[in-house]
**Q** 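Below: one structure in structure tokens.
Being a predicted model, the structure only gives us computed values, none of them experimental. In the text below, chain A, chain B and the rest are named by the order of the sequence lines, each starting its count at 1.
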Amino acid sequence: MSATLIRSGRVIDPANKRDEVLDLAIVDGKIAEQSAIKNQKAETVDAKGLIVAPGLIDMHVHLREPGFSHKETIESGARAAAAGGFTTIVCMPNTSPAADNPATIAWVNDRAAVTACVNVLPTGAISKNIAGDELAPIGSLGQAGVVAITDDGHCVQNHELMRRAVEYARMVGLPVLDHCQDYNLVGNGVVNEGYWSTLLGLPGWPAAGEEAIVMRNILLAELCDHRIHCQHISAAGSVHLLREARARGVKISGEVCPHHIALTDEAIQNFDANYKMNPPLRSKEDVDAILEGIADGTLSILCSDHAPHAEFEKEVEFDQAPFGIVGLETELGIFIDRLVHKHRKIDIVRLIEMYTVEPAKLLKLDAGTLSVGAPADVTLIDPDLEWTVKIDKFESASRNSPFDGWKLKGRAVRTIVGGKTVWRL
Amino acid sequence: MSMNWNRKDLLGLRELSPEEINFILETADAFKQVGTREIKKVPALRGKTMVNFFVEPSTRTRTSFELAAHRLSADVINISATTSSLTKGETLKDTARNLEALHADILVLRHSSAGAPQFLAQRLKSSVINAGDGAHEHPTQGLLDIYTIRERRGKVDKLHIVIVGDILFSRVARSNIFGLTKLGARVTLVGPSTLVPREFEKLGVTVSYKIDDVLPTADVVNLLRIQHERQRKEYFPGIGEYTTLFGLTKERAKLLKPDCLVMHPGPINRGVEIDSEVADGLQSVILDQVTNGLAVRMAVLYLCGGIAT
């Protein structure tokens with residue numbers, strides 16, 4: 001029997017509408033009643049001045065294994081997650097081979113069980129080989145333990161195929177996550193279509209290329225009466241579409257990545273590929289609309305789209321560089337700094353809710369709460385700690401971040417998974 | 001000529017001040033004069049090595065840079081995409097660093113990716129000269145266009161410059177827009193709405209879709225080639241319709257003021273964007289542009305190459 005007492009922290013547990021200073025007990029890897037450790041020796045963790053939150057969930061990361069272990073492994077990605085305050089991460093299926101079959105899911109699960117210090121939950125592909133042509137074995141993927149299906153990095157262009165995927169996923173009980181990108185509208189676009197693409201002569205990726213698919217997904221969510229979750233929303237128009245549809249009760253939701261609120265497309269002017277991601281950085285008007293969408297609940301989930309790439313892959317001509325940046329070790333700091341401190345769009349309680357209750361509800365996870373009996377996944381957060389991002393200190397195997405040197409306020413200081421501290425500052 | 005030049009690279013006209021642009025033009029004046037002498041060569045870059053690194057094909061610009069370097073007594077090496085190790089999977093950065101390891105002082109880069117010269121300039125000690133990057137900039141073309149206008153009209157300030165054609169994909173258009181507006185010219189862009197999006201107005205120019213309304217007040221008409229090999233067919237219905245709506249035909253040329261200059265960066269598609277008679281007519285300064293390009297490139301190589309050491 002092992003016991004831990006996290007003392008005198010501000011326990012924020014949105015699932016139980018709890019926000020008070022108290023001691024949190026952990027016994028044998030589960031959240032316990034305080035009385036359960038009265039009569040035994042417990043390790044104590046002083047959390048005075050800290051927030052004691054349910055372990056944070058990042059439901060959008062790329063761990064690159066199998067196939068691209070020079071960018072990241074499940075092991076290194078999990079360490080990066082722990083260092084960012086995450087106890088559960090949901091990995092995308094665009095690996096090699098793609099996670100479009102139960103064997104690859106089993107491999108990921110095995111690998112995670114042996115090497116990962118946090119909970120790793122795989123998603124499965126919507127279509128075979130993420131090619132958008134025919135359905136992947138969604139039922140078998142469900143039995144293998146995926147928490148959702150998505151073709152992330154790609155987008156099923158055939159609306160009929162997408163419709164059948166959503167209908168089928170409803171039967172299996174899996175939510176559908178979608179990377180919203182209309183290939184015809186986007187073409188070879190690499191940056192937001194607007195002032196900066198015009199100035200720099202870089203191929204534009206119009207906001208309408210995202211909005212068209214968000215609209216498609218709203219229609220299909222209605223038609224199939226099943227949840228579609230729109231990944232990494234970047235455009236103001238998408239926020240308006242989601243707001244209107246959610247008000248009508250459509251089963252549609254959206255998530256936000258830190259770079260889409262912390263940066264605009266102005267940042268691309270030096271052609272630095274660490275500012276190249278998909279969807280691209282957009283205008284100030286888009287950023288403002290996303291902030292409003294977070295404030296009013298239209299956008300309900302925060303995540304990183306952690307996308308590691310090796311330095312040599314990013315050190316090329318801008319239009320030839322791969323899309324994406326790492327995010328696990330900076331996202332919480334950026335979101336607390338921007339959403340809670342700078343823009344005051346939400347309070348820390350809602351921020352924690354968007355990282356715990358919301359993804360847990362969407363993906364039906366046994367996580368995101370400090371209820372007695374729940375797995376003792378806990379994140380200790382100092383919301384006022386001022387720190388500087390140093391990419392050479394990252395746990396991730398990759399360094400492709402535009403945030404090196406940024407001064408942020410707020411970060412995780414200890415990450416506890418199943419009662420065990422897996423990382424501390 | 002009282003200013004000091006302190007840039008090792010020429011990446012675009014957007015980052016140059018009006019003074020810097022004028023300084024290059026004045027330096028080019030001196031080199032143009034050299035071209036009229038019996039011995040057209042000066043020792044300004046003797047002992048320096050210039051690499052013409054053309055990842056995207058070009059005849060005119062590559063030859064012009066090569067000749068400019070020879071006239072400055074530099075040693076010249078030409079590398080094209082097909083003869084470089086890029087075809088073997090080497091990255092641009094590695095190829096360039098190898099060239100630098102061979103003590104290349106000046107790297108003249110033509111590349112299909114916007115920003116490729118910026119990328120190299122930040123990573124090399126060598127001087128990097130942009131000879132055209134994607135749809136971004138072609139600064140020496142912009143400079144030679146401005147030089148030609150200034151030579152013929154005595155100034156650039158307050159002139160009405162009309163640029164016609166595929167603006168969206170044109171690096172020549174962007175360098176002209178940046179340079180001309182800095183020097184006080186009024187710039188109007190004309191072409192199909194798909195290739196001349198309104199967004200360009202945020203760069204301080206006017207956009208028009210009616211060429212006949214614009215030509216009568218033009219002091220210069222700069223016609224860009226329709227790059228039909230680059231374009232997806234969605235951009236306009238066809239060459240015939242383009243000529244009907246935007247071509248500088250003999251008939252349309254009658255709308256021009258007698259002293260209006262007709263320019264074209266080449267290569268010309270006769271009968272498409274410009275009628276043959278207009279290209280060869282009295283108002284045409286198309287071949288002056290080519291001659292001036294040599295002087296302008298000598299000036300750029302001399303100024304930037306001098307900093308590189």
**Q** Please test Arg216(A) against Asp178(A) for salt bridge (charged side-chain N to carboxylate O under 4.0 Å, His left out), starting from the C-alpha separation and ending with a verdict.
**A** CA-CA 11 Å; Arg216(A) 183 270 304 262; Asp178(A) 196 26; 3.1 Å; yes

**Q** Which bit of Asp272(A) comes within less than 4.5 Å of chain B, counting heavy atoms only: side chain, backbone, both or neither?
**A** neither

**Q** Under a 4.5 Å heavy-atom cut-off, does chain A meet the side chain of Glu137(B), its backbone, both or neither?
**A** neither

**Q** What I want to find out is whether Glu313(A) reaches Lys71(A) closely enough, with some N-O distance under 4.0 Å, to be called a salt bridge.
**A**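 Salt bridge flag = yes for Lys71(A) with Glu313(A).
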
**Q** Going by distance alone, is a donor N or O of one side chain under 3.5 Å from an acceptor N or O of the other, for His136(B) and Asp133(B)?
**A** yes

**Q** Could you tell me which portion of Lys202(B) (side chain, backbone, both or neither) has an atom closer than 4.5 angstrom to a non-hydrogen atom of chain A?
**A** both

**Q** Whether Arg297(B) engages the ring of Phe65(B) as a cation-pi pair (distance to the six-membered ring centre under 6.0 angstrom, angle to the ring normal within 45°) should be assessed.
**A** yes

**Q** Contact part of Phe119(B) toward chain A, heavy-atom cut-off under 4.5 Å: side chain, backbone, both or neither?
**A**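 Only the side chain of Phe119(B) comes within 4.5 Å of chain A.
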
